[in-house]
Amino acid sequence: MKTTTQLLDLTVAMVLLIYVAFSPPLVSGDPGRRVSMTLVRDAAALGAFCLDGSLPAYHLDRGFGAGSNNWLLQFEGGGWCNDIASCVDRAKTRRGSTRYMSKTVVFTGVLSNNASQNPDFYNWNKVRLRYCDGASFAGDSQYGNGTSLLYFRGQRIWNAIILDLLPKGLAKAHKALLTGCSAGGLSTFLHCDNFTSYLPQNASVKCMSDAGFFLDAIDIAANRTMRAFYTQLVSLQGIQKNLDPSCTHAFFPEPSLCFFPQYVLRFIKMPFFILNSAYDVFQFHHGLVPPSADRTGRWNRCKLNVTSCNPHQLDVLQGFRKDMLGALMNFFRNSTRGGMFINSCFDHCQSALEETWLSPTSPRINNKSIAETVGDWYFGRGEETKEIGCPYPCDKTCHNLIPASTSDFLASNASGSGHNYRGTLSRSQVDLNDLM
């Protein structure tokens with residue numbers, strides 16, 4: 001498993017480097033606002049430690065004007081560690097220790113304080129919760145063998161950060177939005193209802209997951225790689241007791257299934273927005289076609305460039321999209337307070353960067369950007385805030401469009417039709433690893 005984890009990290013790094021090479025610069029040329037780190041000094045008294053025993057941290061950018069009583073909290077992403085070896089390795093990096101983290105981070109996208117880039121949330125108090133537990137802020141255990149000591153305290157870290165923010169104004173919030181990207185997006189599903197318990201009863205509290213709708217997928221070798229991974233993770237880090245009890249009761253004797261958003265979603269009481277690509281790159285590479293299922297490398301070219309996928313591989317990708325939409329269909333049809341933006345970009349995390357959140361070239365469905373759709377949902381503007389685009393490759397709003405001749409060929413092999421779709425690889429100069 002240690003080797004597999006290292007291979008996963010290497011693959012992600014290679015793919016993201018390719019995205020950067022083909023990605024245009026940020027529209028404004030502004031690298032964004034740098035915000036300093038705050039260590040949670042009282043965390044030790046709560047037993048809230050990063051994997052290596054260091055104190056947890058967050059970055060707070062104060063709101064102003066009409067937004068001074070509103071709060072947006074963003075869980076940082078960064079994968080998971082599901083065995084001792086990978087957690088020991090992780091504890092020696094910024095993914096498991098605040099000692100190795102940069103002391104300032106750039107706030108862009110939904111965290112931007114620029115009204116033109118983030119018109120609905122620019123003047124809110126904005127917080128980025130640093131990720132150092134390896135279990136989406138959900139574990140509560142520890143491991144020691146006399147040589148290694150690991151703290152699996154994500155749930156306590158979440159509690160400690162919230163308690164630190166309450167006297168700084170969070171306790172008097174009028175409006176609040178809990179969000180996150182990737183593993184942080186999954187955290188949003190796990191903590192949404194708990195978040196509202198800390199806030200005033202009359203506060204407007206909602207949640208949004210970005211690239212956190214990880215499917216319980218069957219991979220190309222007919223295995224459930226992600227299910228096996230999450231089962232080990234839940235067991236190792238003592239997550240089960242922090243999962244939604246209604247969900248774990250419903251899915252007994254497999255409570256670890258409630259770590260999957262598709263199973264816990266129907267138990268979430270608060271208004272929820274799901275932002276995801278139907279061809280999420282991380283899930284494509286690690287859930288649908290993990291290295292363990294493609295030992296001969298038949299999918300390597302397709303993974304690195306979707307225009308190199310053969311007709312069979314495209315059919316598999318279209319099947320993955322259908323599975324994702326199937327898992328979301330009950331939410332789409334029956335949630336009266338939910339919102340969604342499911343597009344066809346081969347991407348992962350779209351709210352954290354200006355280029356995909358809101359810019360002249362950001363992705364759109366029915367001519368609405370992600371930022372516009374999320375804002376309309378949060379503030380109740382208009383009736384339709386559930387957007388689903390058509391299958392790859394018909395979206396022409398993707399950041400990096402494939403050549404027309406190739407697109408025409410692929411369109412003849414892709415199932416379905418529809419509105420404005422986007423469909424290739426994209427990324428930005430912002431530290432990409434922070435988004436994973």
A.B. asks: With rounding to the nearest 0.5 angstrom, report the CZ to CD1 distance, Phe341 to Ile370.
C.D. replies: 5.0 Å
A.B. asks: Any donor-acceptor pair under 3.5 Å linking the side-chain atoms of Ser277 with those of Asp347?
C.D. replies: no
A.B. asks: Please check if atom NZ in Lys241 has more than 12 non-hydrogen atoms from other residues, nucleotides or ligands closer than 6.0 Å.
C.D. replies: yes
A.B. asks: Show the atom names and distances, to 0.1 Å, of all donor-acceptor pairs under 3.5 Å that link a side chain in residues 45-53 to residues at least two apart or in another chain.
C.D. replies:
residue: Asp52; atom: OD1; partner: Ser54; partner atom: N; Å: 3.0
residue: Asp52; atom: OD1; partner: Ser54; partner atom: OG; Å: 2.6
residue: Asp52; atom: OD1; partner: Ser97; partner atom: OG; Å: 3.4
residue: Asp52; atom: OD2; partner: Ser97; partner atom: OG; Å: 2.6
residue: Asp52; atom: OD2; partner: Arg99; partner atom: NH1; Å: 2.5

A.B. asks: Is any side-chain heavy atom of Ser204 less than 4.5 Å from a side-chain heavy atom of Tyr378?
C.D. replies: yes
A.B. asks: When you measure from the side chain of Arg337 to the backbone N and O of Lys269, does any donor-acceptor pair fall under 3.5 Å?
C.D. replies: yes
A.B. asks: Between Asp133 and Arg156, does any side-chain N to carboxylate O distance fall below 4.0 Å?
C.D. replies: no
A.B. asks: Answer yes if the side chains of His348 and Ser182 hold a donor-acceptor pair under 3.5 Å, and no otherwise.
C.D. replies: yes
A.B. asks: For the residue pair Phe213 and Phe189, categorise the inter-ring angle as parallel (less than 30°), tilted (30 to 60°) or perpendicular (more than 60°).
C.D. replies: tilted
A.B. asks: Answer yes or no: does atom NZ of Lys92 have more than 12 heavy-atom neighbours from other residues, nucleotides or ligands under 6.0 Å?
C.D. replies: no
A.B. asks: Any idea how Phe259 and Trp80 line up, ring-wise: parallel (<30°), tilted (30 to 60°), or perpendicular (>60°)?
C.D. replies: perpendicular
A.B. asks: Can we say Arg224 and Asp219 salt-bridge, meaning some charged N sits less than 4.0 Å from an Asp/Glu carboxylate O?
C.D. replies: no
A.B. asks: Please confirm whether Arg90 makes a cation-pi placement over Tyr131, using NZ or CZ under 6.0 Å from the six-membered ring centre and within 45° of the ring normal.
C.D. replies: yes
A.B. asks: Against the six-membered ring of Trp377, is Lys206 placed for a cation-pi contact (under 6.0 Å from the centre, within 45° of the normal)?
C.D. replies: yes
A.B. asks: State plainly whether the residues Glu387 and Arg364 are in salt-bridge range, i.e. N to O under 4.0 Å.
C.D. replies: no
A.B. asks: Can a donor-acceptor pair be found, under 3.5 Å and without considering hydrogens, that links the side chain of Thr196 to the backbone of Asp193?
C.D. replies: no
